[in-house]
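Scroll down for the structure; my scribbles are underneath it.
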Amino acid sequence: MPSTSPSVDRTLPTEEATALLELTRELVREELAPRAATYEAESRFPRDVFRTLGKAGLLGLPYPEQYGGGGQPFEVYLQVVEELATVWASVAEGVSVHTLACFPLAAFGTEEQRRQWLPDMIGGELLGAYCLSEPQSGSDAAALSTKAVRDGDEYVVNGTKAWITHGGEADFYALLCRTSDDGARGISCLLTPGDTPGLSAGPPERKMGFKGSTTAQMRFDDARIAADRLMGEEGQGFKIALAALDGGRLGIAACAVGVAQGALDAALAYAKEREQFGRPILDFQGVSFMVADMATQVEAARALYLEAARRRDRGQSFGKQAAMAKLFCTDTAMRVTTDAVQVLGGYGYVEDYPVERYMREAKALQIVEGTNQIQRLVIGRHLAKG
Ligand SMILES: Cc1cc2nc3c(=O)[nH]c(=O)nc-3n(C[C@H](O)[C@H](O)[C@H](O)COP(=O)(O)OP(=O)(O)OC[C@H]3O[C@@H](n4cnc5c(N)ncnc54)[C@H](O)[C@@H]3O)c2cc1C
């Protein structure tokens with residue numbers, strides 16, 4: 001199969017997948033690249049870019065075609081996310097979060113619920129968000145306290161969700177909330193419309209990076225949500241949340257590899273051009289070894305997330321591999337982007353080049369969807385179980 005990215009030698013499973021990656025690269029070149037730096041500098045959320053991606057069929061790639069999805073293997077979907085992240089991580093992460101937000105309905109909804117809502121969600125018109133974290137419960141997600149009380153045909157929801165990507169921008173929220181005091185078994189998942197009365201967004205967080213991605217608290221104040229928007233059964237929410245996160249972590253891993261690849265490409269191009277002591281700095285072994293290590297780490301990281309994705313595509317368990325991929329790919333992105341800044345010297349430390357942004361983005365990826373300490377905890381538990 002032909003490779004789509006000039007700097008990445010991809011092996012894709014079908015001609016259709018190759019065409020999809022080519023389309024993605026075209027969109028990256030024409031829609032994302034010209035705007036990424038400005039939007040990030042101005043903390044602007046590019047809602048219209050998500051519409052464009054939706055129209056191109058890139059917002060529902062791993063979901064079944066019968067509901068308007070792309071019917072693509074996870075390994076193809078993730079490589080699309082990676083390509084987006086080479087230029088604009090806020091958009092790539094947004095696609096990953098949207099895909100995560102659709103998962104509870106796609107995997108746990110009834111046939112009737114899927115037919116009713118899924119086509120709009122994955123068809124590109126609507127944008128999703130995933131509401132698990134709270135101000136007092138992050139890593140210990142099962143300690144969440146946002147409460148949903150059944151009242152006739154509705155749930156009445158009160159509480160605050162924190163750090164919500166697309167908070168205030170999304171059309172629907174996959175909400176994890178408490179329907180009983182029974183610890184992790186007392187959590188349920190409600191697919192909440194964005195225009196629900198009583199649902200409101202706090203001011204956007206002022207973040208170190210990912211400034212083009214809105215992150216905000218979401219407040220539920222006697223918000224009434226129809227009971228038929230319950231995903232799965234009452235009490236199944238935590239299981240749904242964890243299953244969603246297995247796939248979500250692969251999305252973050254792919255994002256991280258894209259960010260690392262973008263930084264590597266920028267560093268390599270610079271090292272070929274920049275001259276000191278009368279020679280391109282790439283001629284110095286100190287620089288070329290650094291770039292060689294960066295490239296090797298990026299390839300290893302890509303191989304790890306792709307292997308986890310292929311396990312998922314084959315229907316095998318992949319939770320341990322997803323945690324390993326999230327851990328390794330995001331730590332790799334942190335190292336590679338830091339080295340990219342070093343390769344550019346002083347020019348790496350200013351906003352005229354994208355590498356300082358890549359470094360700020362890599363840091364967030366070590367934190368979101370379970371910090372890398374929590375990934376180690378997940379891997380350790382898998383190993384202990386044998
Ligand atoms: C940019 C951004 C976007 C986000 N988007 C979303 C979103 O869309 N939806 C959503 O629900 N959440 C989102 N989050 C929240 C994110 O998932 C949490 O920040 C993350 O899970 C960590 O929770 P916390 O920030 O409360 O940190 P804490 O849980 O308070 O952790 C603080 C530190 O303690 C460590 N720690 C905690 N417990 C342990 C342990 N048992 N062993 C070892 N170390 C431990 C952590 O690793 C960390 O270093 C987002 C966060 C950011 C920064």
Side-chain angles (χ1 to χ4, degrees), residues 20 23-24 27-28 31-32 39 45-65 67-72 74 76-85 88-109 114 117-133 161 163-176 189-195 201 204 210 212-216 218 231 240-241 243-256 258 309 364-365 368-369:
L20 255 173
L23 170 69
T24 306
L27 289 170
V28 163
E31 304 284 339
L32 271 58
Y39 274 57
F45 178 67
R47 181 64 181 91
D48 62 308
V49 166
F50 288 95
R51 283 200 192 89
T52 306
L53 295 178
K55 282 200 187 100
L58 300 187
L59 285 189
L61 280 177
Y63 293 115
E65 284 169 291
Y67 304 110
Q72 290 299 310
F74 226 62
V76 173
Y77 152 65
L78 290 177
Q79 291 184 80
V80 167
V81 170
E82 185 198 319
E83 288 284 346
L84 297 172
W88 200 351
S90 288
V91 171
E93 194 226 10
V95 171
S96 176
V97 167
H98 171 82
T99 306
L100 170 75
C102 295
F103 179 86
L105 173 58
F108 290 87
R114 279 197 284 249
W117 297 307
L118 200 52
D120 283 343
M121 287 162 54
I122 61 182
E125 272 307 304
L126 304 183
L127 187 67
Y130 180 79
C131 294
L132 177 62
S133 305
K161 290 288 167 181
W163 305 109
I164 305 309
T165 301
H166 303 158
E169 301 283 354
D171 301 296
F172 63 92
Y173 295 81
L175 166 68
L176 282 310
C189 180
L190 294 173
L191 188 63
T192 307
D195 59 0
F210 279 97
S213 168
T214 304
T215 312
M218 293 303 298
M231 300 290 106
I240 296 174
L245 283 177
D246 281 343
R249 282 168 183 162
L250 287 180
I252 298 301
C255 245
L365 296 171
V368 299
E369 296 201 18

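From a predicted model like this one, the values you see are computed outputs, not experimental measurements.
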Got a donor-acceptor contact below 3.5 angstrom from the Asp171 side chain to the Leu127 backbone?
yes
Evaluate side-chain contact (heavy atoms from CB on, under 4.5 Å) for Ile164 paired with Tyr173, printing each intermediate quantity in order.
CA-CA 9 Å; Ile164 305 309; Tyr173 295 81; 4.3 Å; yes
Mind running ring-ring contact (aromatic ring centres under 6.0 Å, His included) on Trp88 and Tyr39 for me, showing each step along the way?
CA-CA 10 Å; Trp88 200 351; Tyr39 274 57; 5.7 Å; yes
Ala129 to Val97 - nearest heavy-atom pair and separation
CA-CG1, 4.3 Å
Can you name the closest pair of heavy atoms from Gly167 and Thr214 and give their distance?
O-CG2, 3.5 Å
Is any side-chain heavy atom of Thr192 closer than 4.5 Å to one of Phe172?
no
Can you confirm whether Leu190 sits close enough to Met231 that some side-chain heavy atom of one is under 4.5 Å from a side-chain heavy atom of the other?
no
Residues Cys255 and Ala85: closest non-hydrogen pair is O-CB, 3.3 Å
Interatomic spacing from CD1 in Ile122 to OH in Tyr67 - rounded to 0.5 Å
9.0 Å
Would you give me the side-chain donor-acceptor pairs under 3.5 Å for residues 52-59, sequence neighbours excluded?
from  : atom 1 : to    : atom 2 : distance (Å)
Thr52 : OG1    : Asp48 : O      : 3.0

Determine whether a donor-acceptor pair (N or O, by modelled atom type, separation under 3.5 Å) exists between the side chain of Tyr63 and the backbone of Thr99.
yes
Give the intermediate values and the outcome of side-chain contact (heavy atoms from CB on, under 4.5 Å) for residues Leu61 and Val80.
CA-CA 9 Å; Leu61 280 177; Val80 167; 3.7 Å; yes
Does any non-hydrogen side-chain atom of Cys131 lie less than 4.5 Å from one of Leu176?
no
Quick check: does any side chain N or O of Ser96 sit under 3.5 Å from a backbone N or O of Gly94, one acting as donor and the other as acceptor?
no
Looking at Glu93, is its backbone amide N or carbonyl O close enough to the side chain of His98 to form a donor-acceptor pair, meaning the two atoms are under 3.5 Å apart?
no
Any idea which heavy atoms bring Glu83 and Thr24 closest together, and the distance?
CB-CG2, 3.8 Å
May I ask you to decide if Cys102's main-chain N or O and Tyr130's side chain share a donor-acceptor pair within less than 3.5 Å?
no
Kindly compute the distance separating CZ (Phe103) from CE (Met121), expressed to the nearest 0.5 Å.
12.0 Å
Considering all heavy atoms, the nearest Glu369-Leu100 contact:
OE2-CD2, 3.5 Å
Which residues pass the salt bridge (charged side-chain N to carboxylate O under 4.0 Å, His left out) test with Arg51, sequence neighbours left out?
none
What one should report as the nearest heavy-atom pair of Leu105 and Leu118 is CD2-N, 3.7 Å
Mind running side-chain contact (heavy atoms from CB on, under 4.5 Å) on Phe45 and Ser90 for me, showing each step along the way?
CA-CA 9 Å; Phe45 178 67; Ser90 288; over 6 Å; no
